[in-house]
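Worksheet: the structure to be examined is printed underneath.
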Amino acid sequence: MKKYAGCLSVKGNYREKNQDRACCLSSSKKGILFAVGCVCDGIGSFAQSEIAAEMIRVGIERWFLGMEPLYPENIDEESLIDDLDMTIRELNELIWIYRKENGIDIGCTMSLLVLLNEKYHVFHVGDSKILLIDDRVSQITKDEVSVVERDGKLKTLLANFMGKVEELWMNQSSGSLVPGETFLVGSDGLFKRLREDILFDVIRRKNVQSDTEAEDVLKYLIRNVMEMGEKDNISGVLVRIA
């Protein structure tokens with residue numbers, strides 16, 4: 001199976017720095033697909049949360065580069081996914097230790113999509129999102145948030161993030177890949193102002209057939225939400241199954 005992918009992360013028009021991180025890596029040996037796409041959104045109320053997001057990005061990239069020579073000849077799909085689960089939990093612990101040792105609050109969300117042969121696997125922490133677009137738009141992750149009342153108003157708070165506690169709680173799911181499907185992994189800066197009809201229209205109209213076209217779609221979506229006044233950092237990974 002083959003895929004086309006693009007990856008972008010921008011500071012946006014308002015923030016002083018980019019606390020998001022995004023990465024996308026892939027290989028295909030003997031026609032067997034192995035790819036990862038990950039978006040991490042540093043918690044804005046923590047001044048240095050880009051540290052956590054960067055730790056996850058680097059950790060996932062190192063994991064992929066270590067596994068790519070081994071899959072599928074020397075490690076099977078189940079063992080590879082188990083190893084990734086352990087790696088993510090170790091990265092969470094590293095962030096938690098960093099917080100304790102340095103006396104500063106850092107943390108980030110993580111939405112990670114893994115494509116293995118004819119299946120996809122999702123690892124998710126926080127309120128970034130992964131959408132699946134086929135004949136409709138479906139969110140395949142759950143926003144880990146809580147709603148509280150403050151000063152007579154309802155406020156949404158992030159309930160889970162990388163580095164919050166030493167023992168990570170993480171959502172996982174998996175499914176079968178279908179040719180023509182598109183996955184969009186993104187930080188909340190991408191999704192807060194993105195209209196579903198615009199997303200669906202551009203995905204269907206563009207019919208991505210290359211990595212360059214996948215990145216062009218991301219550029220269009222990011223430009224669209226920035227023009228609508230989005231003030232957050234914006235990051236995304238777009239993957240179309242050929």
Side-chain angles (χ1 to χ4, degrees), residues 1-7 21-41 53 55-93 108-134 137-144 160-162 167-187 190-191 208 211 214 235-242:
M1 193 165 283
K2 189 176 182 180
K3 64 97 185 80
Y4 307 116
C7 177
R21 294 294 186 271
C23 65
C24 184
L25 303 97
S26 67
S27 73
S28 181
K29 292 184 291 186
K30 299 179 180 179
I32 297 178
L33 177 63
F34 177 25
V36 298
C38 183
V39 167
C40 297
D41 184 352
M55 289 171 72
I56 299 300
R57 184 195 67 81
V58 170
I60 295 301
E61 289 186 350
R62 285 178 176 171
W63 174 84
F64 179 87
L65 294 174
M67 291 294 107
E68 192 273 336
L70 304 178
Y71 179 78
E73 291 88 354
N74 299 306
I75 187 170
D76 61 23
E77 182 172 332
E78 182 178 357
S79 298
L80 188 145
I81 291 300
D82 286 345
D83 190 85
L84 178 55
D85 179 275
M86 182 173 63
T87 297
I88 293 170
R89 295 181 188 281
E90 290 172 348
L91 290 170
N92 174 80
E93 188 175 353
C108 67
T109 68
M110 184 201 72
S111 289
L112 172 63
L113 175 70
V114 184
L115 308 180
L116 286 173
N117 199 13
E118 297 182 353
K119 290 187 67 176
Y120 71 83
H121 300 267
V122 168
F123 296 82
H124 175 73
V125 179
D127 64 349
S128 294
K129 295 177 175 59
I130 302 179
L131 304 186
L132 172 61
I133 303 102
D134 42 27
V137 178
S138 305
Q139 183 174 333
I140 58 174
T141 53
K142 286 187 176 182
D143 296 341
E144 298 179 335
N160 191 25
F161 58 86
M162 299 293 291
E167 295 291 332
L168 176 66
W169 188 87
M170 176 168 55
N171 271 301
Q172 299 183 44
S173 61
S174 61
S176 299
L177 294 175
V178 177
E181 289 179 334
T182 299
F183 293 89
L184 181 60
V185 189
S187 60
L190 177 62
F191 292 119
V208 168
D211 292 344
S235 299
V237 174
L238 187 141
V239 182
R240 181 173 176 83
I241 307 303

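Scope of the values below: all heavy atoms of this structure, side chains included, with no hydrogens, waters or symmetry mates.
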Exercise for the section: Check for a donor-acceptor pair, side chain of Ser235 on one end and backbone N or O of Val39 on the other, with a separation under 3.5 Å. Expected result: no
Problem - Side chain to side chain, Leu91 and Trp63, heavy atoms closer than 4.5 Å - result: no
Practice task
First locate atom CE of Met67, then atom CG of Leu25, and finally report the distance between them rounded to the nearest 0.5 Å.
Solution key: 13.5 Å
Problem - Partners passing salt bridge (Lys or Arg N to Asp or Glu O under 4.0 Å) against Glu73 (at least two apart in sequence or in another chain) - result: Lys29
Practice task
Return yes if some donor-acceptor pair links the side-chain N/O of Asp211 with the main-chain N/O of Ala5 below 3.5 Å, else return no.
Solution key: yes
Exercise for the section: Over all heavy atoms of both residues, which pair between Val237 and Ala22 is shortest? Give the atoms and the distance, please. Expected result: CG2-CB, 4.4 Å
Practice task
Check ring pair (Phe, Tyr, Trp, His ring centres under 6.0 Å) between Phe123 and all other residues, then give those that pass, not counting sequence neighbours.
Solution key: none
Practice task
Taking the side chain as every heavy atom from C-beta outward, state whether Val125 and Asn92 have any pair of such atoms under 4.5 Å apart.
Solution key: no
Handout entry: Check: His121 side chain, Gln172 main-chain N or O, donor-acceptor pair, under 3.5 Å
Key = no
Exercise for the section: Measure from the side-chain N and O atoms of Asn160 to the backbone N and O of Trp169, and report whether any donor-acceptor pair falls under 3.5 Å. Expected result: yes
Practice task
Measure the CD1-NE2 distance between Ile130 and His124 for me, rounded to the nearest 0.5 Å.
Solution key: 7.5 Å
Problem - side-chain contact (heavy atoms from CB on, under 4.5 Å) partners of Ser28, counting only residues at least two apart - result: none
Practice task
Check the pair Cys108, Ile56 against side-chain contact (heavy atoms from CB on, under 4.5 Å), reporting the backbone distance first and the verdict last.
Solution key: CA-CA 9 Å; Cys108 67; Ile56 299 300; 3.8 Å; yes
Practice task
Go through the steps to decide whether Cys38 and Arg57 satisfy the test side-chain contact (heavy atoms from CB on, under 4.5 Å), and finish with yes or no.
Solution key: CA-CA 7 Å; Cys38 183; Arg57 184 195 67 81; over 6 Å; no
Problem - Contacts of type ring pair (Phe, Tyr, Trp, His ring centres under 6.0 Å), residue Phe191, not counting sequence neighbours - result: none
Problem - Donor-acceptor contact present, side-chain Thr141 to main-chain Lys129, <3.5 Å - result: no
Exercise for the section: Can you sort out the partners of Glu118 under salt bridge (Lys or Arg N to Asp or Glu O under 4.0 Å), two or more places apart, ordered by chain and number? Expected result: none
Problem - Partner of Val58 by side chain to side chain contact (heavy atoms under 4.5 Å, CB included), out of Arg62, Glu61, Met55 - result: Arg62
Handout entry: Value rounded to 0.5 Å, distance of OG1 in Thr182 from CG in Leu131
Key = 11.0 Å
Problem - Audit row: Leu84, Leu112, side-chain contact (heavy atoms from CB on, under 4.5 Å) steps and yes/no - result: CA-CA 11 Å; Leu84 178 55; Leu112 172 63; 3.9 Å; yes
Problem - Separation of Arg240 CZ from Ile133 CD1 (nearest 0.5 Å) - result: 10.0 Å
Exercise for the section: Can you measure from CG (Asp82) to CD (Glu77) and round to the nearest 0.5 angstrom? Expected result: 10.5 Å
Handout entry: Side-chain heavy atoms of Val122 within contact of Leu113, under 4.5 Å
Key = yes
Problem - Gap between atom CG of Asp83 and atom CD1 of Ile88 - 0.5 Å precision - result: 10.0 Å
Exercise for the section: Would you check, one step at a time, whether the test side-chain contact (heavy atoms from CB on, under 4.5 Å) holds for Ile241 with Phe183? Expected result: CA-CA 8 Å; Ile241 307 303; Phe183 293 89; 4.1 Å; yes
Exercise for the section: Decide side-chain hydrogen bond (donor to acceptor under 3.5 Å, both in side chains) for Thr109 and Ser128; before the verdict, give the C-alpha distance in whole Å, the side-chain angles of both, and the deciding distance to 0.1 Å. Expected result: CA-CA 6 Å; Thr109 68; Ser128 294; 2.6 Å; yes
Exercise for the section: Answer yes or no: is there a side-chain heavy-atom contact under 4.5 Å between Ser26 and Lys3? Expected result: yes
Handout entry: Salt-bridge present (Glu93, Arg89; N to O < 4.0 Å)
Key = no
Fill in the blank from the handout: Sorted by chain and residue number, the ring pair (Phe, Tyr, Trp, His ring centres under 6.0 Å) partners of Tyr71 (sequence neighbours excluded) come out as Phe34
